[in-house]
Amino acid sequence: MDFSVPQEITMMVETIRNFVKKDLDPISQQVEEEDHIPEEIVEKMRGLGLFGLSIPEEYGGLGLSMLGEVMVQEEIAKTNGCFRSRISTNNGLGSQGLILSGTEEQKKRYLPKIASGEWTACFGLTEPEAGSDAANIQTTAVLKGDHWILNGTKIFITNADCAQVATVFALTDRQKRAKGGITAFLVEKGTPGFSVGKPEKKMGLRGNHTNELIFDDCTVPKANVIGGDAMIGQGFRIAMQVLDKGRMTIAASAVGAAQKLLDISIEHAKTRVQFGAPLAKLQAIQFMLADMATQIYAARQMLYHAACLRDQRGTSVIMEASMTKLFCTEMAGRVADMAVQIFGGMGYTKDCPAERFYRDLRLTRIYEGTSEIQRVVIARELLKD
Ligand SMILES: Cc1cc2nc3c(=O)[nH]c(=O)nc-3n(C[C@H](O)[C@H](O)[C@H](O)COP(=O)(O)OP(=O)(O)OC[C@H]3O[C@@H](n4cnc5c(N)ncnc54)[C@H](O)[C@@H]3O)c2cc1C
């Protein structure tokens with residue numbers, strides 16, 4: 001496998017590294033305390049093209065390869081995780097259904113606005129009774145004349161509070177469910193019967209919010225079925241394809257955050273003096289640093305390899321995407337734990353970034369398929385005929 005990275009990706013990574021250092025790191029703590037990203041920062045993110053990393057150039061995005069995207073996402077994950085989360089749905093969950101299955105008309109209408117960040121896109125699959133068991137959604141869509149009438153509630157929807165358009169999955173055939181009975185819709189803010197509900201009080205990722213999406217006799221034009229009439233009933237397949245890509249970018253965020261934790265742990269170990277010498281002189285600390293570095297190295301190779309495979313094969317990297325998310329996020333959890341240990345008591349306080357990463361990273365093992373669901377997917381792929 002050729003791991004040479006095209007120059008445009010190296011340059012983009014360098015640009016984002018500088019942006020993180022100059023603009024994001026200095027306000028990380030402020031964003032944490034205020035639970036809000038200042039609008040001028042979002043505007044700078046728009047200017048850098050961060051909302052359209054994976055959207056094809058013909059629709060106004062940067063059209064990065066999967067390798068390019070994971071490298072950029074890795075870089076932006078080295079600061080407060082809410083910044084990456086803010087751009088995540090435009091690049092992943094909120095736009096991929098359209099890119100993979102949308103009609104040309106839908107792509108032209110929505111993708112340029114999503115790519116520029118003028119609009120935020122979100123993704124509504126999860127419901128109170130349907131998390132890991134996504135096929136068990138209860139939201140319904142019934143055709144009446146030229147409109148579908150949606151009823152139901154979605155929960156935990158990232159960026160719902162700032163989104164202008166949502167990809168929403170609803171039951172159009174109760175009997176068929178995942179096998180031809182779920183349809184994907186584009187629902188715009190302001191659609192009659194559509195509202196955004198209360199935000200969840202999360203453990204971490206402050207500065208980025210998840211809310212309910214509520215559909216109360218919500219009237220969605222027929223033209224807003226993703227992919228048009230031919231795709232009625234194909235929503236579950238679309239959702240699974242979208243998640244397959246998202247898993248790779250979550251893995252990237254885990255690798256980036258873990259690298260940052262290693263960097264600050266090394267710095268701390270060199271400067272914190274106990275027993276008359278820096279912590280870095282202690283073999284117990286050295287071994288933790290060595291284990292962190294080794295695990296990050298392994299995870300990063302896996303991530304880049306899976307990304308290259310996806311670039312070569314298109315979308316069919318189901319098993320590798322699940323393996324990569326599982327391995328990278330579990331690795332980051334272990335690294336965060338060691339980082340807190342190296343910082344000692346300070347690592348348990350809000351003044352130490354390790355404390356924030358520790359909480360924020362916990363999510364990566366839960367959303368877009370828990371670690372257990374990744375194992376289910378991997379085992380299913382291994383055991384299929
Ligand atoms: C901050 C945040 C942001 C999110 N953003 C979005 C979003 O933008 N859009 C969206 O649609 N959803 C979103 N989600 C929802 C997320 O994808 C789900 O929380 C996740 O898929 C798990 O579902 P659940 O919470 O219902 O857990 P459950 O499915 O109830 O799982 C509970 C436990 O049981 C285990 N389990 C369940 N089934 C199995 C099985 N078959 N085998 C083994 N173990 C199993 C799980 O692994 C887990 O440990 C978000 C969630 C959070 C917390």
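Read the numbers this way: they start at 1 and go in the same order the structure lists the ligands and their atoms. Numbering starts at 1 and runs along the sequence shown.
Ion pairing between Lys384 and Glu381 holds under the 4.0 Å rule for side-chain N and carboxylate O. By the 4.0 Å N-to-carboxylate-O rule, Arg17 lies close enough to Glu75 to be salt-bridged with it. Comment: Arg109 does not engage Glu104 in a salt bridge, judged by the lack of any side-chain N to carboxylate O separation of less than 4.0 angstrom.
The presence of a protein heavy atom under 4.0 Å from atom 34 (O) of ligand 1 is ruled out. Remark: atom 53 (C) of ligand 1 lies closer than 4.0 Å to at least one protein heavy atom. Within the 4.0 Å cut-off (strictly below), no protein heavy atom is located near atom 30 (O) of ligand 1. Under the 4.0 angstrom criterion, atom 4 (C) of ligand 1 counts as having a protein heavy-atom contact.
Annotation for ligand 1: atoms under 4.0 Å from non-hydrogen atoms of Ile157 are 7 (C), 8 (O), 9 (N), 10 (C), 11 (O). The ligand atoms of ligand 1 that sit less than 4.0 angstrom from a heavy atom of Leu363 are 1 (C), 2 (C), 52 (C), 53 (C). For ligand 1 and Glu368, the ligand atoms under 4.0 Å from any heavy atom of the residue are 17 (O). Listed by number with element, the atoms of ligand 1 under 4.0 angstrom from any heavy atom of Thr210 are 1 (C), 2 (C), 3 (C). Applying the 4.0 Å criterion to heavy atoms of Thr370 picks out, from ligand 1, the atoms 22 (C), 46 (C), 47 (O).
Residue, atom and distance of the protein heavy atom nearest to atom 24 (P) of ligand 1 are Gly131 CA, 3.9 Å. Ranking protein heavy atoms by distance to atom 39 (C) of ligand 1, first place goes to Ile373 CD1, 3.9 Å. When hydrogens are left out, the protein atom nearest atom 10 (C) of ligand 1 is Thr126 OG1, 3.3 Å; that is the closest non-hydrogen contact. For atom 42 (N) of ligand 1, the closest heavy atom belonging to the protein is Val376 CG2, 3.9 Å. Nearest protein neighbour of atom 20 (C) of ligand 1, counting heavy atoms only, is Ile366 O, 3.6 Å. Nearest to atom 9 (N) of ligand 1 among the protein's heavy atoms is Phe123 O, 2.9 Å. Protein heavy atom nearest atom 7 (C) of ligand 1, with residue, atom name and distance: Phe156 O, 3.3 Å. Of all protein heavy atoms, the one closest to atom 37 (C) of ligand 1 is Ser132 OG, 3.5 Å.
For the pair Thr219 and Phe194, the minimum side-chain heavy-atom distance is 4.5 Å or more. Asn80 has its side chain within reach of Phe83: a pair of non-hydrogen atoms, C-beta onward, lies under 4.5 Å apart. Proximity of Val196 to Ile214: side-chain heavy atoms (C-beta onward) are nowhere separated by under 4.5 Å.
Judged by distance alone, the side chains of Thr364 and Thr329 never bring a donor and an acceptor atom under 3.5 Å apart.
Ligand 1 has no nitrogen or oxygen under 3.5 angstrom from a nitrogen or oxygen of Lys202. In terms of polar-atom proximity, defined here as any N/O pair under 3.5 Å, Tyr367 makes no such contact with ligand 1. Note: an N/O pair closer than 3.5 Å links Thr158 and ligand 1 by distance alone. Taking only nitrogen or oxygen atoms, main chain and side chain alike, Leu125 reaches within less than 3.5 Å of ligand 1.
Taking the six-membered ring for Trp and the full ring otherwise, Tyr59 and Tyr110 have centroids separated by 6.0 Å or more. Between Phe169 and Phe236, the distance separating the two ring centers is not shorter than 6.0 angstrom.
Distances from atom 43 (C) of ligand 1 to the heavy atoms of Glu200, Glu372, Lys154 show the closest one on Glu372.
With sequence neighbours left out, Glu39 forms a salt bridge (Lys or Arg N to Asp or Glu O under 4.0 Å) with Arg46.
Results of the side chain to side chain contact (heavy atoms under 4.5 Å, CB included) test with Met331 over Val255, Leu326, Thr294 single out Val255 as the only residue that passes.
Note: Trp148 and Phe185 have perpendicular aromatic rings, judged against thresholds of 30 and 60 degrees for the angle between ring planes.
Transitive grouping of hydrophobic side chains (ILVMFWY, heavy atoms separated by less than 4.5 Å) keeps Leu205 and Ile155 in distinct clusters.
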